[in-house]
Amino acid sequence: MISRFFSKSKPIHSIIIIVLICLVFFYVRSQYILEHLLTLEALKQLGVLLVAVFSVFVLDFIIGKNSLTQKNSYTILIYGLFIALVPNSLSNTSILLANVFILFALRRLISLHSKLSIKKKFFDATFWIAMASLCYFWAILFFALIPVALLYYSQNDIKNWMVPFVTLIGVAIIVVAFNILVYDNFLSDLLITPSISFDFSNYNAIAFIVAFTMIFTILMWTLVFYIKLIREVKGKLKPSYVLIGTSVLVALAIIIVSPLKIGSEFLFLFAPLAIIMTNYLERISDLRFKEVLLALLMITPIVVLLL
């Protein structure tokens with residue numbers, strides 16, 4: 001029943017996911033919002049909520065425009081359920097912004113299969129990853145997507161390889177100019193000392209253990225399937241599938257090195273993993289297994305919230 005309901009793309013599905021994200025957002029930030037209910041900070045929190053909701057529409061646009069999945073709502077459903085599994089994924093405003101910028105970059109890189117405006121798309125993708133890195137330093141690891149895309153689409157065109165470097169120089173100039181105008185400072189705000197932590201003790205809480213066990217079980221199960229799928233896919237969509245798989249690996253690297261392990265760092269993983277899991281669900285012939293899997297995904301967030 002669940003799989004049939006979401007097997008077609010309908011506006012009601014987007015509304016359900018938006019309501020879910022709103023509930024999770026207010027659950028995570030309720031105390032802070034109530035303390036600043038009649039202040040300007042409440043409006044800022046509303047803006048942050050709109051960013052979280054907007055990411056759903058960006059993800060839906062990416063999969064719809066580039067035929068990464070069939071015409072259904074599984075991807076945004078799974079994305080919303082992953083957020084509900086790890087409510088703290090909405091706790092960090094900088095990561096929320098960075099995640100949307102990464103989705104923008106992924107959209108431009110995946111659309112390279114059309115082979116139109118290649119230089120412009122590489123420029124846009126590099127720019128958005130740079131913006132994400134300014135919001136959250138470790139988003140810089142997503143620059144790994146650029147050479148992967150270049151290898152598929154521009155092996156012999158040196159001009160396309162130069163575009164990311166030119167873009168980064170341009171972003172650096174803009175940031176320096178901004179610092180001089182606003183802070184009357186040239187370098188100190190640009191000298192970011194990245195911190196790394198391999199202390200995973202925060203994940204020892206029961207709620208985290210349940211959520212992460214669910215996520216990583218799905219990840220390992222579907223990733224094996226996805227690797228086989230990449231080998232089978234031919235034509236212009238194969239690089240897109242490789243980029244999604246690479247995004248998952250980059251997101252895992254960010255989770256490992258993230259200095260503050262509070263759950264917010266998992267947000268980068270949810271969109272590409274939702275796409276991979278959707279591809280898996282679309283190819284499951286056993287309807288009852290599909291129903292059980294989706295029902296389990298829906299029940300686990302409730303268990304996590306109770307814990």
Side-chain angles (χ1 to χ4, degrees), residues 51-69 75-76 79 89 92-154 157 160-175 192 194 236-255 257-258 264-276:
V51 170
V53 170
F54 183 60
S55 67
V56 176
F57 291 103
V58 177
L59 177 59
D60 196 37
F61 179 84
I62 291 172
I63 60 176
K65 191 74 172 178
N66 299 285
S67 302
L68 294 176
T69 66
T75 304
I76 60 172
Y79 179 71
S89 59
N92 190 308
T93 301
S94 296
I95 290 180
L96 275 168
L97 285 170
N99 182 58
V100 171
F101 292 150
I102 293 301
L103 288 176
F104 285 163
L106 198 57
R107 179 183 74 87
R108 297 303 277 169
L109 290 174
I110 290 174
S111 67
L112 283 166
H113 64 74
S114 67
K115 297 185 178 179
L116 298 173
S117 306
I118 289 180
K119 290 181 177 62
K120 186 176 185 298
K121 289 175 181 177
F122 276 119
F123 174 90
D124 291 347
T126 306
F127 174 80
W128 288 122
I129 295 173
M131 293 301 294
S133 303
L134 291 174
C135 293
Y136 182 71
F137 177 82
W138 286 112
I140 198 171
L141 296 181
F142 278 101
F143 276 117
L145 297 178
I146 301 296
V148 172
L150 283 166
L151 286 171
Y152 273 102
Y153 295 107
S154 300
D157 192 339
N160 288 339
W161 284 83
M162 294 300 296
V163 170
F165 295 101
V166 174
T167 307
L168 288 175
I169 292 171
V171 171
I173 291 171
I174 292 171
V175 173
I192 304 171
K236 63 181 183 179
L237 281 180
K238 186 167 186 175
S240 300
Y241 281 76
V242 172
L243 286 168
I244 296 298
T246 306
S247 297
V248 167
L249 297 178
V250 171
L252 289 174
I254 291 174
I255 292 169
V257 302
S258 176
S264 56
E265 63 280 2
F266 273 75
L267 188 61
F268 295 113
L269 176 66
F270 293 159
L273 183 55
I275 295 172
I276 290 176

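All of these numbers come straight from a predicted model, not from anything done at the bench.
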Test of understanding: with side chain to side chain donor-acceptor pair (under 3.5 Å), list the residues that count as partners of Ser94, not counting sequence neighbours.
none
Where Lys121 and Ser114 come nearest, the two heavy atoms and their spacing
NZ-OG, 2.9 Å
In Å, rounded to the nearest 0.5 Å, how long is the span from CG of Leu273 to OG1 of Thr75?
10.5 Å
Rounded to the nearest 0.5 Å, how far apart are CG of Asn92 and OG of Ser258?
8.5 Å
Could you tell me which residues satisfy ring-ring contact (aromatic ring centres under 6.0 Å, His included) with Phe127, sequence neighbours excluded, listed by chain and number?
none
Which residues satisfy the salt bridge (Lys or Arg N to Asp or Glu O under 4.0 Å) test with Lys119, sequence neighbours excluded?
Asp157
Would you please name every residue forming a ring-ring contact (aromatic ring centres under 6.0 Å, His included) with Trp128, sequence neighbours left out?
Phe101, Phe104
Could you measure the distance from the OG atom of Ser133 to the CD1 atom of Ile102? Nearest 0.5 Å is fine.
6.5 Å
Report yes if some heavy atom in the side chain of Leu150 is under 4.5 Å from a heavy atom in the side chain of Pro164; otherwise report no.
yes
Checking Phe122 now: which residues fulfil ring-ring contact (aromatic ring centres under 6.0 Å, His included) with it, not counting sequence neighbours?
none
Just to verify, what does Arg107 make a side chain to side chain donor-acceptor pair (under 3.5 Å) with, not counting sequence neighbours?
none
Listing request: all side chain to side chain donor-acceptor pair (under 3.5 Å) pairs with a residue in residues 163-173, at least two apart in sequence or in separate chains.
none
Can you find a pair of side-chain heavy atoms, one from Phe268 and one from Trp138, that are under 4.5 Å apart?
no
Give every donor-acceptor pair under 3.5 Å between a side-chain atom in residues 56-69 and any protein atom, sequence neighbours left out.
{"unit_1": "Asn66", "atom_1": "OD1", "unit_2": "His113", "atom_2": "NE2", "d": "3.1"}
{"unit_1": "Asn66", "atom_1": "ND2", "unit_2": "Ile62", "atom_2": "O", "d": "2.8"}

From Met131 CE over to Leu97 CG, what is the distance, rounded to the nearest 0.5 angstrom?
9.0 Å
From Phe266 CZ over to Asn99 CG, what is the distance, rounded to the nearest 0.5 angstrom?
14.0 Å
In residues 244-254, what donor-acceptor pairs under 3.5 Å come from side-chain atoms, sequence neighbours left out?
{"unit_1": "Thr246", "atom_1": "OG1", "unit_2": "Val242", "atom_2": "O", "d": "2.8"}
{"unit_1": "Ser247", "atom_1": "OG", "unit_2": "Leu243", "atom_2": "O", "d": "2.9"}

Does anything in residues 122-134 form a salt bridge (charged side-chain N to carboxylate O under 4.0 Å, His left out)? List the pairs, not counting sequence neighbours.
Arg108-Asp124, Lys120-Asp124
Who pairs with Tyr79 by ring-ring contact (aromatic ring centres under 6.0 Å, His included), at least two apart in sequence or on another chain?
none
When you compare the side chain of Tyr153 with that of Asn160, does any pair of heavy atoms fall below 4.5 Å?
no
Could you measure the distance from the CD1 atom of Ile146 to the CD1 atom of Ile129? Nearest 0.5 Å is fine.
4.0 Å
With sequence neighbours left out, what residues match Leu168 under side chain to side chain contact (heavy atoms under 4.5 Å, CB included)?
Thr126, Ala130, Phe143
